[in-house]
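Below you'll find the structure, written out as structure tokens, and then a few comments.
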2 protein chains.
Amino acid sequence: MSRKIDDKDRLRAPSAKSLAAQGRILDAAEKLFSLYGFDGASLRDIGKAAEVSAALVAHHGGTKDELFEKVVARRAAELSALRLALIEEYRQAGQLDLAALVEAYVTPLLSRAVTPDGPWVHYARLVAHVSTDERWSAITSKWFDPTAARFVEELGLLLPGVAPEVLRARYVFMVSATLSVPTALWRMGENADPARAIQELKAFCLAGFKDLAV
Amino acid sequence: MSRKIDDKDRLRAPSAKSLAAQGRILDAAEKLFSLYGFDGASLRDIGKAAEVSAALVAHHGGTKDELFEKVVARRAAELSALRLALIEEYRQAGQLDLAALVEAYVTPLLSRAVTPDGPWVHYARLVAHVSTDERWSAITSKWFDPTAARFVEELGLLLPGVAPEVLRARYVFMVSATLSVPTALWRMGENADPARAIQELKAFCLAGFKDLAV
DNA sequence: GTCTATAATGAGATAGAC
DNA sequence: GTCTATCTCATTATAGAC
């Protein structure tokens, strides 16, 4: 029985070839999970897309559930850090208003998720699946709740007196509308312009928050 | 080979038992497709949930794809009619403003989709899957595009001078935020109140449209 | 209309050679 | 680290008895 990959008990650094394979596997899994869902994408198809055997997918990714979470986790930390850094940036410039909060939420994801067939488009679609499916609530709480809590907290500071449930609800609406850009851009028209959609999204959400100001 | 069920070439009316089985199959399919997605729900599980054999699921539902569309279609016509009727009602009362349009979109679905584990909750979740997955674009255009076109048209009348792409984008945001209530209520808090969420949703979307008024 | 049985395929996981 | 081969199980779909 082969041992599981674990940083704690690995003696040698992984080879460049191994790392490349691991990356291709995660990229392929990201794409296929996002397009076909957890059950619709098979490990065999992922292996084919990554140009690797099915056994190697299991070797690097573990079980299918583990691979799925690895894919979600890979960009979650980066995305979260980008968003929180933007909040800090606006704060230090003394410009942390509602518009800045919307910007800090929307832009780090969507500015990367406009390239058609790019990895961040697939990732965004994957996040859309995860955040609307209670089966993945463990992944959601682990990777997205801390950022959500921070945004809701900042909203509360800018909108004193508004109940936290209200802020949480409207935050979820912003999340949902944001994720509709990568998942439902095709519903906005034949040749819908992503940049235009992002602009409209920010205006839509900002109005939805300003509505709470006294 | 058994013939396909088709109103055109059926000589006898279906028995009450048959209709009951058919209804249970559609209900079970609606629930399992909405919870686990198209690929995550098996015809066997649907049969078990409907307390019929797997073969009977195929007999009434046809292929898996056909069953899926049957489930979506069953309530789509009703939902669409309810929405368009509400628009007419407001128009005849001389009250067809932006708030009325939001109400006419949101209420027919969500007022029915609050009962936990009720059929409309499952249906709403199913619609959320369908409208964010380009694999089902044929179903979307057939069952949802006409209503969408009507809403966008009415928005255009109330917001003269606003580009259609902008209206379509914001309509999609409203759709997405609306579907987040059944799919992501769990993200709004442990004991989130659906009525409260619906109230916030309407305010959020209304503000997002009013923002376009000059 | 409803069932049992089964064909044909593909799934996830793992053993073991190199 | 990577592969081939295989185990075991679940899947969709269909044939055919009643």
Side-chain angles (χ1 to χ4, degrees), chain A residues 1-29 32-33 35-71 135-136, chain B residues 1-29 32-33 35-71 135-136:
Chain A
M1 187 172 99
S2 71
R3 293 168 70 200
K4 299 199 56 179
I5 292 179
D6 188 336
D7 287 339
K8 290 197 298 291
D9 55 26
R10 185 162 46 203
L11 296 179
R12 291 185 14 196
S15 71
K17 186 179 173 195
S18 163
L19 284 175
Q22 167 123 240
R24 283 204 312 279
I25 288 166
L26 289 176
D27 289 342
L32 296 186
F33 280 143
L35 284 174
Y36 306 115
F38 178 78
D39 299 285
S42 77
L43 295 178
R44 293 172 140 76
D45 290 342
I46 290 170
K48 266 176 210 144
E51 296 180 296
V52 130
S53 72
L56 200 59
V57 174
H59 179 72
H60 280 107
T63 67
K64 197 179 186 183
D65 290 78
E66 287 165 355
L67 175 61
F68 188 78
E69 178 159 2
K70 279 194 176 95
V71 171
R135 277 191 290 171
W136 306 115
Chain B
M1 189 174 97
S2 70
R3 293 168 72 200
K4 301 202 46 186
I5 292 177
D6 188 333
D7 288 340
K8 288 197 299 291
D9 56 26
R10 185 161 48 201
L11 298 177
R12 288 182 20 191
S15 70
K17 186 181 174 195
S18 164
L19 284 175
Q22 167 122 240
R24 283 204 311 280
I25 288 167
L26 288 176
D27 288 343
L32 295 185
F33 279 143
L35 284 174
Y36 305 115
F38 178 79
D39 298 286
S42 77
L43 295 178
R44 296 173 128 72
D45 290 342
I46 290 169
K48 268 177 209 142
E51 299 180 292
V52 299
S53 70
L56 201 59
V57 175
H59 179 71
H60 281 108
T63 67
K64 197 178 186 183
D65 291 77
E66 287 164 355
L67 175 61
F68 188 79
E69 178 160 0
K70 280 194 176 98
V71 171
R135 278 191 291 171
W136 306 115

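Naming: A, B, ... by sequence-line order, numbering from 1 per chain.
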(message) Is the shortest side-chain heavy-atom distance between A/Asp27 and A/Arg24 below 4.5 Å?
(response) no
(message) Is any side-chain heavy atom of B/Leu67 closer than 4.5 Å to one of B/Leu26?
(response)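 Result yes, sub-4.5 Å side-chain heavy-atom pair found.
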Euclidean distance, atom [atom1] of residue [X] to atom [atom2] of [N] [Å, nearest integer]:
X: B/Gln22; N: C/dT2; atom1: CD; atom2: C1'; answer: 14 Å
X: B/Leu56; N: C/dC3; atom1: CG; atom2: P; answer: 5 Å
X: A/Lys64; N: D/dA10; atom1: NZ; atom2: P; answer: 15 Å
X: B/Leu43; N: D/dT11; atom1: CG; atom2: P; answer: 9 Å
X: A/Tyr36; N: C/dA11; atom1: OH; atom2: C1'; answer: 17 Å
X: A/Asp39; N: D/dC9; atom1: CG; atom2: P; answer: 20 Å
X: B/Arg24; N: C/dT2; atom1: CZ; atom2: C1'; answer: 12 Å

Below 4.0 Å: OP1/OP2 of [N] and any side-chain N or O of [X]:
X: B/Ser18; N: C/dG1; value: yes
X: A/His59; N: D/dT2; value: no
X: B/Ser15; N: C/dG1; value: no
X: A/His60; N: D/dT2; value: yes

(request) Could you list all the salt bridge (Lys or Arg N to Asp or Glu O under 4.0 Å) pairs where at least one residue sits in residues 43-58 of chain A, not counting sequence neighbours? (result)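 Residue pairs passing salt bridge (Lys or Arg N to Asp or Glu O under 4.0 Å), neighbours aside: none found.
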(request) Can you measure from CD1 (A/Ile25) to NZ (A/Lys70) and round to the nearest 0.5 angstrom? (result)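 NZ of A/Lys70 is found 10.0 Å from CD1 of A/Ile25.
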(message) Rounded to the nearest 0.5 Å, what separates atom CD1 in A/Ile46 from atom NZ in A/Lys64?
(response)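 If I round to the nearest 0.5 Å, the distance is 7.0 Å.
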(request) Give, ordered by number, those residues of residues 48-55 of chain A having at least one heavy-atom distance below 4.0 Å to an atom of DNA chain D; if nothing qualifies, reply none. (result) A/Ser53, A/Ala55
(request) Measure across A/His60 and A/Ser18 and return the closest heavy-atom pair with its distance rounded to 0.1 Å. (result)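 Looking at all heavy atoms of both residues, the shortest contact is NE2-OG, 3.5 Å.
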(request) On DNA chain C, check which nucleotide each of A/Asp45 and B/Leu19 is closest to and give me the residue with the more 5' one. (result) B/Leu19
(request) Classify the angle between the aromatic ring planes of A/Phe38 and A/Phe33 as parallel (below 30°), tilted (30 to 60°) or perpendicular (above 60°). (result)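 Answer is parallel, since the angle falls under 30°.
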(request) Tell whether A/Arg44 reaches the base of C/dG12 with its side chain through a donor-acceptor pair below 3.5 angstrom. (result)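 By the distance-only test, yes, there is a pair.
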